[in-house]
Structures are given as C-alpha cells and as structure tokens.
Amino acid sequence: MKLELKGITKRFPGVVANDHVDLEIETGEILCLLGENGAGKSTLMNILYGLYSADEGDIVIDGKVQNFAGPGDAIAAGIGMVHQHFMLVPVFTVAENVVLGVEPMRSAGILDLDEARRDVEAISNQYNLAVDPNAVIEELPVGIQQRVEIIKVLFRDAEILVFDEPTAVLTPQEVDEFFKIVDKLKQDGKGIIFITHKLKEVLEIADRIAVLRRGAVVGTADPATATESGLAEMMVGRPVDLMVHKAPSHPGEAVLSVSDLTVMNIQGRKAVDGVSFEVRRNEIVGIAGVQGNGQTELVEALTGLREVAGGTVLIQGEDHTDSNPRQIHNAGVAHVPEDRQRSGLILGFTLTENFVLDSYHAVPFSEGIKMDWKASREEANRLIEEFDVRTPSSEIPASNLSGGNQQKVIVAREFGRQVDLVIASQPTRGVDVGSIEFIHERIVSERDAGSAVLIVSTELDEVMALSDRILVMFDGRIVAEKRPEETTNAELGLYMAGAS
Amino acid sequence: MGNVTAVMTRPTDSRSPAELRRSRVLAIVYLVLALLVLWAFGFGSEGSATFVISRPGDAIRVGDISVPGAGLAFVVAAVLAFLGARQWMAGFGSKTNLVLAIGLGLVALSFLAWAADGASFSLVGLLQEAIKRAVPITFGAVSGLLCERTGIINIGIEGMLLGGAFTGAIVGSTLGATAAMIAAALVGGLLALLLAVLTVKYRVDQIIAGVVINIFVLGLTSFYTSQFLVANPALNNAPIMRAFGIPLLADIPLIGPVLFDQNIFVYAMYLLVAITTFTLFRTRWGLRTRAVGEKPRAADTVGINVYRTKYRNVIIGGLVAGFGGAYFTIGSVGRFDENMTAGRGFIGLAAMIFGRWHPVGAVSAALVFGLADSLQVKLGILDTPIPSEFLAMAPYLVTIVVVAGLVGRSRPPSDYTAYVKE
Amino acid sequence: MSDVTPTSKPDQPEDRSSFVADVTGVGRIDWRSNILIPALAILSALVVGAIFIALGDLDTLRLWGSDPGRALSETFGTLGDAYGALFRGALGGINPISETLTRAAPLILAGLAVAVGFQAGLFNIGANGQMLIGGMFALVVGFQFDLPLLIHIPLAIVAAFIGGALWGAIPGYLRAKTGAHEVITTIMLNFIALRLVDYLLTVKFFQLEGRNDPVSKSVLDSARYPKLIEFINPRYRVHLGIIIAILVAVGVWWLLYRSTIGFEFRAVGANPDGARYAGMNVVFLYVAVMAVAGGLAGLAGGDQVVGTLGRATSGFSGVIGFDAIALALLGRSHPFGVVAAGLLFGGLAAGGQAMQATTNVGIDIVQVIQALIIVFIAAPALIKAIFRVRAEAESAQVSQGWAT
Amino acid sequence: GGDDTAETTTAEDGGLICEVTDVGGVDDKGFNASAWAGAQRAAADFGAEAKVLESQAETDYEVNLNSFIDDDCDLIVTVGFLLGDATQTAANANPEESFTIVDFAYDEGVIENNNVKGLVFNTDEAAFLAGYAAAAVTETGVVGTFGGINIPPVTIFMDGFVRGVRYYNSEKGTDVQVLGWDPDTQEGSFTNNFESLDDGRAFAQSLVDEGADIVMPVAGPVGLGSAALASELGTFSIVGVDVDGFEADSNNAGVYLTSVLKRIDNAVYAASDDALNGSFDGSLYIGTLENEGVGIAPFHDKADMVSSELQAELDQLQADIISGAVDIKS
Ligand SMILES: Nc1ncnc2c1ncn2[C@@H]1O[C@H](COP(=O)(O)OP(=O)(O)OP(=O)(O)O)[C@@H](O)[C@H]1O
Ligand SMILES: Nc1ncnc2c1ncn2[C@@H]1O[C@H](COP(=O)(O)OP(=O)(O)OP(=O)(O)O)[C@@H](O)[C@H]1O
Ligand SMILES: [Mg+2]
Ligand SMILES: [Mg+2]
C-alpha cells in the first residue's frame, strides 16, 4: 500500500498549520517526522486520520483520492494512529477501550466482552504486548497504556500506523522494547510514521526523515548520513547547542533536608515511603524515575500541596513539614509545577495576573487588600522582556500562548525573584529544543547564583545533563544515588525499572 | 468483616491522617446520636408504638407490630455507642458509609417509635407513599444522568417535567391517557432538542441553556394556563392512571402493597431503572455513550459520531423527563396548576449527583427523599410537638446531611466542555 | 477583547473566562458584541415572544380560518397594545421609571450574589434563601431598635448582609469540607429558609401586635429606606435601595478586579488547583465567596423588607432569587453587566404589570421574553446568523460543570 | 370565572368594580376567585364593569391599588390579610374612594375616613356543623383534616370541625377521632403550600391509611388533589371548603359529603351593590350562620348517608349555634 499526501494545507485562525505539505510513505518502511513545537506535525497527522479536514490538498492511497469524513473512514482505509495524548477512556478497561467503536456483539446491541478479551489476548500474544484485558486504564502506567493504544490500532487491521511522540513518556528500557515492536510491525509489512523530538531515536530507527517548519516541509534527510546537530538546525532554522554547559559545582550548606518522608497518594496508599535526602546551595539534584513512582507526591509534599504522613522537611534549618504553600513560598522556595495547565497557570487570566499569581499578596503588587495593577504590569513586562516570552502584550490570556511560552511564563515568575531553593518538575516537558536550551541555561544560572535546585524529570537525558547528583526513585523509595559522570543512561534505566 | 479483623491485628493504625480524622468525627457523631436517642426518645416515651403493616382488604393479613418506644431507644442507643467506639478505635474501612446508613436508619426508627408513642400508624402507607413521591424525582434524575453521561449538564429537568405535566393535562383531557403519555414525552424530547442545539451546535454554556429552559417553560405554561385553561376547564380535566395490583406479587405481605399495587408510572420507574442500568453498562449504545461523556475526543478517534451521540442521548433524556412530568397530572391529580412541579426537578438533580450518576443510585437517592417526604406527611397527623414548618423541612435537611455526610466528593462521569471538531 | 485570536488547542481546556480579560482595565470594548448584539437579542426575543402571545389569543386564532384579514389586523392590534403598554409601563414617564428602578434594586443585588459565585466557580442557586434570612435580620433590627435614621438604616443594611452571609456560608463550608455540591445544598437551603420564615412569622416576637396572621411587625420609619422623589408625588416608590444597589455593584467590581481578595476569588473560580498552588487558602475562599454572595443576596432581602415592603410576610423574596441566575448569566457575571441586566428586567417587570393592567395579555409572558433574551444573548452565533453581523462575540462560558 | 377571560366584564358606564388579588391569583379556586365571582355578578346585575389585577408578588399590591385609584373605581375589593396594610394606606390617602377587604378587620380608628368595609366570616360555626355531620356518618370512627399553612383563616375551619366532632362525641357518647389538628395546641398537619395538588393527594392518603373515611382539606386548590384521590379510591369522602365542591369541582362531584361555605361572593356582591347604589359604609361585615354568610352545602350525591334524624339534629344544632345555646368555642 502506498500513501501520498499532496499539497495539504490547513489554516487555523491566525496560523497556517500546514502549508502545501507533500509526503509519501509505503508499507514496510519507517518515516520519521521532525519539527519544532507548533510546526504542524500533529495537525498533519490528524488530517491524515480524518480528525481534521484539510483546507486544500488530497490524500491518495494506491492512486485513489480519498475523502475522509471522519476517523471512521480513515480506519476503514487502513490507517491507525497512536496520539500524542492518549485517546483512551480512563475509566474503561483495556478490553473496552480496544473494541470501542467496533464492538463484538452477542445479539442486537448487547456487548460481548468475553470476545473482546479474547481478541486482546490474541493480539498481545502475537506482538509480545503483555497487558491484562481487565485492567482499568487509569490504573495502568503510561508504558502499558501505550501498548493498549497499539493493540487498539492493530485490532482495526491498520496498514499504516502513525505514532505521535510515542517515546516522550517511556524509560530507556521501554523505548528499546517499543523499538522492537515497531521493528516487528515493519517486518510484518506495516508502514510507520514516527514523530519525535529525540534526534538520537530518529537516527536509530528511521528509514527516511522529513522535517517540518512553520507548517511546510523544509527538507528530508537520510538517517545514514544525517547528524543530530544537522537535524536540529534544520528544525529550528538556526544552530542549536544541544549540550548543557556548566562549571563543576561547589555545594554549600544544606537548604532542603528531607528525612524519612512518607506521603500517601489519593487512594490512601503510600506513594513516598521513608525518603531522605538533602539539596545544598550551589547544587542541582536531579530525581529520575518513571512517572508514577512517587515523584509527584514527593514534590507536592515539599511544596505544601499534600499532607505529610510521616518524617520531616527542613528548609534552611526551619521545620516546614506540613507548611502551607504560602509559607513555603515565603521561605524562599520557587516551584515549577509538573502540570503547567492544571496548577502552574490560570489559563483564563492575563499574563500579568499569572506573573503575580503567587506574590500578589505582597508589596509592591498589593497594599492591604488593594491590588496595584500598575506595579504588576511593570513586573510582567520586565519578565516578558528578560525571559523572552513571545507574546503581543502582557494583557492577553495565558491560554493564547503556545505551550513552550506558557512554560516560560512559569519559569520567569519562579526564577524572577530571589530564592534559596528551586523545585522544578518536568521543567521542559513538551517544549522544543530552542526553549529547552533557554530553560536549562536559566536553571544552571540559578544554581550559580547560589540557589539549591531540585529537578524532577522523567527525561533521563535532561537529568543527566543538568544534575550534579542524581537520585533514582522507584516505587516510592530512592533506590540509587549517582553522579552523572560515573553512570550511564542504561544503568539508570535499570534502577528506574526496579533493579537494585 | 474480614478486613476489619485484619486491620485490628496490625500493630499500628494503617489509616491515613485524613481517614483518621473522618473516623474520629464520625465516632463523635455516633456518640452524640446515642445520647440524643437515649435522652429524647428513651426517657420521652411511655407506651408503645404500633406499626400497622397490612391494609384493610389485603388477602394475607399480618398482625401489627407493637414496639415499646423506651425499650427500643435503649437498644438503639447501645448499638450506636458500640458503633461509635468501634469507629474510633478501628474504623469500618470500606463499609463506613454502609454502617453509617444503618446507624442513621436506627435513629430514624427510634424517632418513629417515639413519635407514634401510644398510637398506631400505617407502615404500608408510609412506604407506599415514599415510592410514589420518588417517581418524578427518579425520572428527573435518570433524565439528568442520561444527558450527563454524554457530557451535557441538564439543569432544565424542572422545565422538562413541567412541560410534560402541562402537556399531559391538555392531551389527556382531549385525547386520553395513552396519547397524553406519548405527547408529554415528546414535549420533553423537544425541549431536550432545544438544549442540545443550544449547547452542541451554538455552544451556549450548558447551565445557561438549562436555566433558560426552566424559565421559558415556567413562563409559557403559566401564560397559557391563565390564557386557556382557566377559561376552558374541560381542557384541564385529564384521566388519572389508577393503581393496579400485579397478580400474586401484590399479595405478598408488606412488600406486595408497597411495591406492586401502584400505578403505571411506578412500574414505568422500575422498568426505566432496569433498562437504563442494563443498556448503559451492557450494550454497545451504553459503552459508546459513556465513552463520549468521559472523553469525547477518544470516542471521535475511533469513529464514533460524538455530536450525533450527544443529540440522541439528550433527546432520550428529555423523553424520560417529559414522561415523568406527566406523573404530576395524569399520574396523580388529573389537572395542571402553575408551577406544580415545585422544585422536584432540582431534587432530581440532587438525586442524580447523590446517586453518583448511576440509575440504581439515582432511584435509591430518590427513595431517601421520598421517604423523608412521606414521613413528614405522616408525622403531621401523629401528635408530635414539632411544628409543621419544621417537619416540612425534613426532606431537605435529610438531603443535605446525606450529601454532606455520606457521599462526600463525587466525581462526575463527564467532560462537560463543549466538544469542538475542526 | 484582545488583538490575538485565541488558538485553543484541542488538548487544552477551553478558555472559559475570556470575558474577564476586558474588565481588568485593558483591551478595547467591542461595540458590536457589547451593544449591537444585546440590542438585536432583545429585538429577536420580542419578535418570538409576539408569536407566543398571538398563539395565546384563541378568538383571533379562530378568526384566521374565516377572516384572515381581520385576524391579521387584530393580532397586530393586540401585539401593538401589549408591547406599547410594556414599553410605557417601563419607561413612559416618571412613575414607570420609578417603578422600574424600584424593581431593579433587589434584582441587581441578588444578581450580584449569583455573579460573585460564578466568578469564583460556584453556582449559587440559593439567593432566594439568603434573601429571606438577610431580610429577617434586617427586619429585627428594623422593628426592635429605636435609633436615629443615620444609624438605624446602616445598621439594618449590615444586619441584612450578615444574615445572608451566614446562610450563604453554610453551603460554602460544606463544599469545602465535605465536597457536598453547592447546587444541591443551596437548593435545599432555599426550601429550609422558606419554612423557617413561615415558622418565625407564627412566633409572637415577630408577629404584628394584636394579630395572628403571618405578617411581621412593621419596620420603624427610622429604618425604612427613604423614598427619593416622594416630594413630587408620594406615590413614586423609588427609594434608597437603587442607589445602594449601584454603589454595591461598584464595590463588588472593586472587590473582584482591584483587590487581592477578588483576585483570589477569581483565581479559585478559574482554576482551584492553580489557586492552591499559588498559596491561596481554598477552603477559606469557598466559605468567603459564599458568605459574600449570601451577604449580597441578604442585601436584596433587606431591600425588600426595609425598602419596598416595610415588613416581612411568607416568601417575601418572591422569585427574585431565581431571576437572579438569569441576570448573572445575562450580565456575564460582571457587576456592571448585572446592573444593566437588572435595569432591563426591572423594566420588564414594571412594564409587564402595566401590560396586564391595560390589555388582555397575561403577565407571565414577560418571563417567556426574559428567557428568550437570555437565549439570544448567550448564543451570539444565532444572532450573527440571523442578522449577519460581524462581531467577535463568543458564547459566554460561565460555569464549569460539576468539577469538584 | 366562566367568561372567556378573567379580565373584564364590560357594560355601559354603569360603574366600575375593581379587585386586587393577593399572590394566589384570580384562578386560585379560593377566596380570590370567590370575591371575583361576587364582583362579576354584581357588575352584571347592575350594569357595571368589573376589573381585576393579579398580584405576582408582595411588592405589587401598592402598584395595583394605585392603578385602580387612577381608574376611578366605585369600589376596590382587596383580598386577604396580606393586603391589609396596603389597603389601609390607600384608603387613608384617598378618602373619596371606597374599599372593601376580604378576611380582614381593622382595629378601631385605624381607617381615618371609615371608607373600608372589612368582610370577615365565622367559618367555625359552619365547620362545627360539618364536623358534627362527619362524626355522625363516619363508619370507621376516624375523620381527618389538614391545612395549607398554619394561619388563622385556615385553622378556624379546622377548629370548628374538630369541635363539632367533639360535640357529637359528648352528645352521643361515641369516640370518633379527628386526625390532623389539635385546637388546644394549635398544631397539626399542613402541606405548607397552597399549590401542590400532589401534596393534597398524599396528605389525604396518609389520613386514609390511618383509617379516616372523611377528610376536610383546608388548603385551596390543594384539596382538589384529595378529591381526585377520593374519587379514585371510592373509600372516603371529602368535606369541601369555601365553595360548594360538588359544583366547583365537577370532575369529582360525587366525593363531596358537604362543604363548609364561606360566602365571600355574597358579601362582595352586597358591598358592590351598596357602592354602586350610593349606600356604601365602612362598617365591619361578619358572615355568620344567622346572616347566611357561612353555612354548609347540601349533601347532594351523599344524601343517602344522611338520615332524616341527622338532618333534623343538624337543623336544631344550627339554630342552637345561632341562639348561642351551643358554644362552638369549647
Ligand atoms: N484546534 C486548533 N485550533 C487552532 N490552532 C491550532 C489547533 N490545533 C493546532 N493549532 C495550531 O497549529 C499549529 C500546529 O500545531 P501542531 O499541534 O500540529 O504542532 P506540532 O508540530 O504537533 O507541535 P508539538 O511538537 O508541540 O506537538 C500551532 O501553531 C498550533 O497552535
Ligand atoms: N493555602 C493555605 N492553606 C492553609 N492556610 C493558609 C494558606 N494560606 C494562608 N494560610 C494561613 O492564613 C493566614 C493568613 O495568611 P496570609 O496570606 O494573610 O499570610 P501571608 O500573605 O503569608 O503574610 P505575609 O505575606 O504578609 O507575610 C496564615 O496564618 C496562613 O498560615
Ligand atoms: Mg504535536
Ligand atoms: Mg505538542
């Protein structure tokens, strides 16, 4: 089967997301699609999958022009897609999610879930995708959820499979595992379109590479000859420094001391189990781990968002166990939260309002209960300038910014004042290489200015590049402490997977 | 009880601080209730209360139950004290809510025995009435959950009930009861279509759309009542659906008359709950409906038509509410009066949330309200020293206590933001 | 609105409070969405309302079969009379304007009570109950103390606020502490307040001396809101209440957009997780928001008791607390929007009264017209489609589902 | 009302009778409707016009009254104690205008110009008779009553009814029980509204469950719900209030044992007559058995339940009440 996209154009209000894109793929090959944030990769794939309709251009399969009214048509034409944000119903079981839309039936409208379970088992045996068909999605780790997505696509007999940033959330071992699956799919004659921001992976797996910028294809590359920096430049349009430059650290006294900390998760189970560590002045400590091993709860406990069940937290020697977020803020702590849209920002508020979100109660932004919007706006404009936030004004809602710029707003707010301790969760999640470079620089300069920095990230590369010291978390405990220069991604990956 | 013993043998208390706090609060509640029962009902009763559990004319007659109020109060107080102590020390784990419900039930029983001290009253009548009063609330709640399961909030239940009631009266008076039920359902469906168009097509805020439906229907039915019905009483004289016993089942003592000697709306309520429970959780329609509610984009990506699903379900919800509204006229009194639903739709909404968006939960919640309501009616004719205004508050107080105390945080099954397709 | 078109990504939550942006003092006012669309919405509502009025006139409807010409002229005659009376009753002279303002005052105050809730993500259906309790507080101050006017009136106002605030704080507290949804608890508290007032009116302390009727003692003159233009004609009822309502609206605006507390209210409404992250005390805020909302509704109750009526009777709040929901929606939860909507609804109420007095059209039609206005304003796409207006008006999103 | 709309009854310029209803509205099947019937009848008989304004809320009373004062009505009829204050104010401000108010009596000297005629009714006298009759015909030995709201105009019916039953018991040595009202504690069974017909059904059902076979609902249209239940079950009878239920509720005419009549219509008619014919005065009118302002309705379809002895006893009792030989207040 041969799939061609011809002259695809898609406009959103104010943006041309795809600009006359031509692309083709055949079964039995892996095409990698690269591009900075907002380049239009997901949009293009959504058009291919029938979710969006193109303003111009054609989708051609084996010479026939297709007319997709919705994903149903695309599925029927043999196209499957694993979305950047998983399209699973969290409260449904694996089997229910897999069969949704093409349900096996006993009789007139009555579901046959036994049949569904057998189908899931059959596919997971065939491709080594072990999952429990009865498990409820929201209780599964992301790695497994991704397997469910793949099973979903295979269950619909797709010939061409689209993967939108599938490796963003996986451990190195899971990535290896995933690449084996992809390879097997290719051997079985499936065509694969693979989107990622990780250039190393591209060179490892692609048969062909296409690069998008500002909605248009700016070039193709051959993985045999391409280099990481070459690809990065093609994506961003300027040379990018992929290395983090930092001087060796000279840690001072402990700013954060955590001892024997225990925290429960929402279900009331122990998420953090007797953890102890310190973060010192002029030091970056990175916490590595697969999502869901207690990092979220740890950070929430440290920043006053979650109740502590046992142990103590000292900040600059003062007891801040179970302090509230305000008290911790006032103790000189900056917090870049894990989920910027859920807690870091108030999307409907203007940038000014977001810039003073956690300091509005103090001079100069307010006096008594009277807000000083003038002072706030000045602060906002200062931060926009200093942190290069791309926005037409400080008075537009934060929801109007791109994800990378939203992240910059948070970083600017938190790093924009004098602090002693920085706690940053996933500081560069979903941010393109250009912005990553910038945020990493700022983190290092915070350290050099004398702050203690705690980074929590599921990106091993990021942890390796930034940290002076790395802690690996698994199942609520710290299972390893390493210095980056004395370990490797592979070794950390083993710890992250539970080996000790 | 297995896990309770397991908990008790553990050396340290495994309850989280939050759980522990809740446990302590509950324990204190139990103890306070125990004292209250002892003091108010234990020392306040002299004779016995007689609960009548069969009606004149029943095929199988069962003797009345006579309960000494004071004795019962002492027993209940002792049980409550025990529950309180147990709650304080170990908690009841996953059975906490169940135990609390039982505890409150015992308090209610003791209260009844005290209120009916030295008199008799009909338990059958009480329960039968409780079921009737639950009917419109259940229809409202199920209508609400059908909409909400596909991601549309239906605040307009009250209006749909009222529209159904009005239509039921007029069509019933002119074309008869069957036509009235159909027409009432259709009017509900029509109003739901309006809700769907406004929220899905024009993306009007869902609560605005619902509030509009309520105001609109209240205004329109009142306007046409004074404009037509007052002048033409013949248009407002609908037949009433009478109660009929289901053979055999109706002869079972207590249960028979309470559950199986009712009118068609009550039986329709049983069917509604059974059918919606089955279809929501066992059929393709249900799976797709819930998928659209929980995560519309996921449903869209597997080829389910999100908009069509929303339209269909909201309209079905409207049909249910419209039919339920006919209860007020042809199911009860045969005539329409302005604003005769008197807030039942909102209570249906409460029942839906309280019942956690599940048909069985909804009907249970409606029954709790129905029971409180029917108890209030009953207590007025027993000589209690409580002023009638306070008795009339009982159903609402019970709802608040139950929602705040028993249910806690309930998570809606839906993503209510307007779904936008490019 | 802003110059940048919102680009809501599919995987981002909808921006539900875009209208907040233009009131923090920045951005230009788009006359199309703020004036033209509402005006066209009112026009459309009147046209559709006319159809319902025509359908309610049985005699003329019968005439269509036999003499369509006369039927047409009669229909237009009826409509002309009805709408003419409506308009004259609302604006046609000093007394109509006085009536409109009298009726607008409690509507504005109760509308603010609902709007403040919306701004903080809480759906306050309980304005009616809060009005009743606030009114009773004002009543007691009004008949129990004998004070000079300049002390007595402010004291009654404060009492009304406190009464409503106490009643409003209950659902706030329950929501924050137990998660009990405020939609349920406020509805239930409405019923409870209604019964409570019924009961209190049977208690001697409240009852008018020498009578057993459920009518309260009258408020002393020193606590009654003075009438504003009584000197022209003692019948002109408009009193201090409307001035209080407008001042309160300005105060609420200041509170919401110029104070730290308002910033917290709006933050917790737009994103409770974000508010918690920012160090705000969400539990306290829920209680505070509902207390303020309840207090505002209490002022509306006070307006009835020490303003318009001078006493309390069973259910004296009428349906103002429910109209308030519509008002808050219509005013897009903005204090000044609520004032405008309150004046509109006050006019409709006064005009409706005049319409029933002079024509055969029942007053209930006013409610239908109100509902239609809200539909058309809430769905600007509809208006844009009908009249082919270009405007950047977006449909208002004020609520956020049941998210707990 | 029987006319096409309840708005106006037109005539030449023979005068104008105007009614302001309370929040119940003109079609409340209760005192607003009854007063309106009287006003319409008077207008028809004397070639005058009748007009009504409905009050939606408390705040409308003043406006409606003012609107009628501008219309130069010959008589303004206001209905219910809620209008007491507003009527007083209007009357004192407009000494030339004549008013009459239903169910309300002013204290001496309150009305400065003596231009308001209060119309009140000793309904307990008639209810006493109804109670006596109910006690005589009950087969279960239990009768019941319930009210709308616990207020004097409602409970006066219930007082009379219960005392009538008690009188029967003391005369005949029987033990007929009355459920739903205790005249001594002034507590009992109330729907707390005058709207929900479904409540009327439920409250009657509840009384029937406890054995009552005669029920007197004193709750305006709510009682229609009780009558609907009575006609469905066929096991109990209704005692109507205000107007003759047999005539007013033709759908369920057969269930009415009798009704406690409160002839608001007659009183309003008489006041209108006076006003139109120049003999209006502001004296208080008290409807009694004696002046036929109150009474009980014929037994109609239920006449076979009433023996001729009972009828004779009732006639005697009526005479004794009028003469004061029987004290209905104990
Ligand atoms: N539904 C939408 N409405 C408006 N604009 C949109 C919509 N979806 C995408 N866009 C815009 O189109 C452009 C392309 O977005 P797209 O999601 O395709 O980028 P991407 O290449 O997948 O980026 P990323 O690497 O962040 O996933 C962006 O500017 C985005 O803001
Ligand atoms: N998120 C929160 N959770 C619980 N309590 C809080 C929270 N925020 C503040 N408080 C408590 O409320 C009280 C007042 O807080 P407030 O915000 O006025 O203090 P503050 O702003 O930190 O003071 P300042 O900045 O002037 O030093 C304090 O006792 C604080 O502990
Ligand atoms: Mg993308
Ligand atoms: Mg992205």
Side-chain angles (χ1 to χ4, degrees), chain B residues 52 55-57 119-126 128-129 132-133 136 222 225-227 229-234 236-238 240-243 263 327-329 331-342 344 373-374 376-389 391-393, chain D residues 1-7 25-29 33 54 56 140 144-147 149-150 178-182 185-193 195-212 221-222 224-229 231-233 235 249-252:
Chain B
V52 181
R55 294 173 310 169
S120 81
F121 89 82
S122 167
L123 204 58
V124 184
L126 178 80
Q128 212 178 27
E129 200 56 41
K132 274 187 218 148
R133 299 226 136 195
S222 302
T225 299
S226 56
Q227 219 78 7
L229 296 189
V230 172
N232 304 287
N236 196 6
N237 179 21
I240 299 173
M241 309 306 297
R242 309 210 155 189
N263 76 11
Y327 164 84
F328 289 98
T329 46
S332 173
V333 295
R335 49 172 290 131
F336 181 82
D337 266 83
E338 290 179 24
N339 195 19
M340 74 188 299
T341 50
R344 285 295 189 279
D373 202 1
S374 112
Q376 172 252 128
V377 175
K378 217 25 123 194
L379 290 174
I381 54 179
L382 298 168
D383 278 326
T384 53
I386 307 170
S388 71
E389 291 86 358
L391 292 178
M393 286 178 201
Chain D
D3 302 58
D4 46 8
T5 69
E7 272 301 326
V26 74
D27 35 292
D28 68 341
K29 305 243 176 292
E54 290 196 23
Q56 301 282 104
T140 57
T145 181
F146 67 87
I149 296 180
N150 191 346
V178 198
L179 301 175
W181 180 241
D182 184 340
T185 61
Q186 294 282 305
E187 280 298 341
S189 181
F190 291 92
T191 58
N192 282 291
N193 69 67
E195 285 107 44
S196 170
L197 276 65
D198 196 39
D199 276 355
R201 207 185 142 96
F203 276 71
Q205 176 76 61
S206 174
L207 290 165
V208 170
D209 287 338
E210 304 310 331
V222 172
L224 298 173
S226 309
L229 179 71
S231 97
E232 179 180 333
L233 296 183
T235 56
D249 184 14
S250 50
N251 307 336
N252 303 309

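Below, chains carry the letters A, B, ... as their sequence lines are ordered, and counting in each starts from 1.
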(message) Return the CD to CG distance between B/Q128 and D/D209, rounded to the nearest 0.5 Å.
(response) 6.5 Å
(message) Report which part of B/N237 has an atom under 4.5 Å of a heavy atom belonging to chain D: side chain, backbone, both, or neither.
(response) both
(request) To the nearest 0.5 Å, tell me how far D/E187 CD sits from B/I386 CD1. (result) 10.0 Å
(message) Only pairs of heavy atoms separated by less than 4.5 Å count here; which of B/P387, B/A342, B/A392 has the most with chain D?
(response) B/P387
(request) Identify which part of B/M393 has an atom lying under 4.5 Å from any heavy atom of chain D, answering side chain, backbone, both or neither. (result) neither
(request) For chain B, find which of D/G147, D/S196, D/G200, D/A202 contributes the most heavy-atom pairs closer than 4.5 angstrom. (result) D/A202
(request) Under 4.5 Å heavy-atom distance to chain B, tell me which part of D/L207 shows up: side chain, backbone, both or neither. (result) both
(message) Report which part of D/T145 has an atom under 4.5 Å of a heavy atom belonging to chain B: side chain, backbone, both, or neither.
(response) neither
(message) With a 4.5 angstrom heavy-atom cut-off, is it the side chain or the backbone of D/L224 that approaches chain B, or both, or neither?
(response) side chain
(request) Please state whether the side chain, the backbone, both or neither of D/N193 comes within less than 4.5 Å of a heavy atom of chain B. (result) neither
(message) Looking only at heavy atoms and a cut-off of under 4.5 Å, which of B/M340, B/E389, B/K378 has the most pairs with chain D?
(response) B/K378
(request) First locate atom CG of D/N252, then atom CZ of B/R335, and finally report the distance between them rounded to the nearest 0.5 Å. (result) 9.5 Å
(message) The criterion is ring pair (Phe, Tyr, Trp, His ring centres under 6.0 Å); which residues satisfy it with B/F328, sequence neighbours excluded?
(response) none
(message) Using a 3.5 Å distance criterion without hydrogens, assess whether the side chain of B/E129 forms a donor-acceptor pair with backbone atoms of D/S206.
(response) no
(message) Please report the interatomic distance CG(B/N263) to CD(D/E232), rounded to the nearest 0.5 Å.
(response) 7.0 Å
(message) Heavy-atom pairs under 4.5 Å with chain B: which of D/L179, D/D182, D/N192 has the most?
(response) D/N192
(request) Drop me the distance from D/F203's CZ to B/I381's CD1, to the nearest 0.5 angstrom. (result) 9.0 Å
(request) For chain D, find which of B/V333, B/T341, B/L126 contributes the most heavy-atom pairs closer than 4.5 angstrom. (result) B/V333
(message) Does B/I240 form a side-chain contact (heavy atoms from CB on, under 4.5 Å) with D/R201? I'd like the steps, not just the answer.
(response) CA-CA 12 Å; B/I240 299 173; D/R201 207 185 142 96; 4.1 Å; yes
(request) Considering only heavy atoms and a distance below 4.5 Å, find which of D/G211, D/G144, D/G180 pairs most often with chain B. (result) D/G180
(message) Once rounded to the nearest 0.5 Å, what's the spacing between atom CD of B/Q376 and atom OG of D/S189?
(response) 8.0 Å
(message) Is it the case that the side chains of B/S332 and D/D198 hold a donor-acceptor pair, with the cut-off being a distance below 3.5 Å and no angle test?
(response) yes
